[in-house]
Amino acid sequence: MAKNSNSVWQILALQAKDEALRAEVSLKKTTQLKDKIIARQSKIADLLVEYSNHAAALQSDLVSVERDNCRKFIAQLMDLQNRTSHEYINVESDFAKAKKHLILANQEKLKAEFLVKRDQEKQSQEMAANEKRELELQCIAQFNLRQTPP
């Protein structure tokens with residue numbers, strides 16, 4: 001029965017380790033997505049500056065079609081910037097959840113590893129106590145054999 005107990009703790013420790021690895025992968029994916037969104041926001045901001053400068057330069061020109069196109073594009077960029085900001089907020093929330101999940105999974109993993117170690121120590125102590133008892137019984141038996149008259 002002690003062997004089954006030991007294997008159960010080890011199985012639980014393996015499951016906790018697997019969950020911690022999954023949580024780590026999830027956090028990594030969320031971090032990568034967050035980084036992509038930040039890069040996208042930076043590109044959009046650069047485009048907004050560039051086209052705003054271009055629109056300002058077109059103010060002096062009489063070409064209203066190009067100016068209108070530039071304004072429309074700036075409006076589309078601003079809309080894209082707003083959507084990206086909302087997406088970033090959602091990903092930031094997912095990132096916080098993934099980070100919390102990773103922390104909890106690592107705590108569970110440590111707890112399971114501690115229980116495995118404790119169980120192994122307990123079994124080792126039981127085995128040492130059994131060996132000591134057997135040795136004492138053998139010593140008593142030998143003593144008794146020597147004490148009996150021939």
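These values consider heavy atoms only, across backbone and side chains, with no hydrogens, waters or symmetry-generated copies. This chain uses plain numbering: 1 for the first residue, then up along the sequence.
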* Output the rest of the hydrophobic cluster of I140: all Ile, Leu, Val, Met, Phe, Trp and Tyr residues reachable through side-chain heavy-atom contacts under 4.5 Å, sorted by chain and number. => none
* Rounded to the nearest 0.5 Å, what separation is found between the CG atom of L110 and the NZ atom of K17? -> 12.0 Å
* Set of side-chain contact (heavy atoms from CB on, under 4.5 Å) partners for S85, sequence neighbours left out -> Q41
* **Set of side chain to side chain donor-acceptor pair (under 3.5 Å) partners for K99, sequence neighbours left out** => none
* Going by heavy atoms in the side chains, are I103 and Q107 under 4.5 Å from each other? -> yes
* Asked: With side chains defined as the heavy atoms from C-beta onward, is the minimum distance between H54 and E66 less than 4.5 Å?
  -> yes
* **Contact summary for A112 and A13, nearest pair of heavy atoms** => CB-CA, 3.5 Å
* **Partners passing side-chain contact (heavy atoms from CB on, under 4.5 Å) against L48 (at least two apart in sequence or in another chain)** => I44, I74, L77, M78, Q81
* Among all residues two or more places apart in sequence or in another chain, which pass the side-chain contact (heavy atoms from CB on, under 4.5 Å) test with E50? -> L47
* How far does NZ of K109 sit from CG of L14, to the nearest 0.5 angstrom? -> 11.0 Å
* Pairs touching residues 86-98 that satisfy salt bridge (charged side-chain N to carboxylate O under 4.0 Å, His left out), sequence neighbours left out -> K34-E92, R40-E87
* Measure from the side-chain N and O atoms of D119 to the backbone N and O of L115, and report whether any donor-acceptor pair falls under 3.5 Å. => no
In a table with atom names and distances, give each donor-acceptor pair under 3.5 Å that connects a side chain of residues 131-139 to protein atoms at least two apart or in another chain.
| residue | atom | partner | partner atom | Å |
| --- | --- | --- | --- | --- |
| R133 | NH1 | N130 | OD1 | 3.3 |
| R133 | NH2 | N130 | OD1 | 3.3 |

* Structure fact -> Residues passing the ring-ring contact (aromatic ring centres under 6.0 Å, His included) test with Y51, sequence neighbours excluded, are F73
* Asked: To the nearest 0.5 Å, what is the distance between CD (E19) and OG (S26)?
  -> 9.5 Å
* Structure fact -> ring pair (Phe, Tyr, Trp, His ring centres under 6.0 Å) pairs touching residues 98-128, sequence neighbours excluded, are none
* To do: Quick one: list whatever passes side chain to side chain donor-acceptor pair (under 3.5 Å) with R118, sequence neighbours left out.
  => none
* **Rounded distance (nearest 0.5 Å) linking atom CG of L80 with atom OG1 of T84** => 4.5 Å
* Asked: Under the 4.5 Å side-chain heavy-atom rule for ILVMFWY, direct or indirect, which residues accompany Y88?
  -> L33, I37, I38, V91
* Show the numbers, then the answer: is there a side-chain contact (heavy atoms from CB on, under 4.5 Å) between Q125 and Q120? => CA-CA 9 Å; Q125 289 173 353; Q120 288 172 342; over 6 Å; no
* Structure fact -> Across all chains, not counting sequence neighbours, the side chain to side chain donor-acceptor pair (under 3.5 Å) partners of R83 are D79
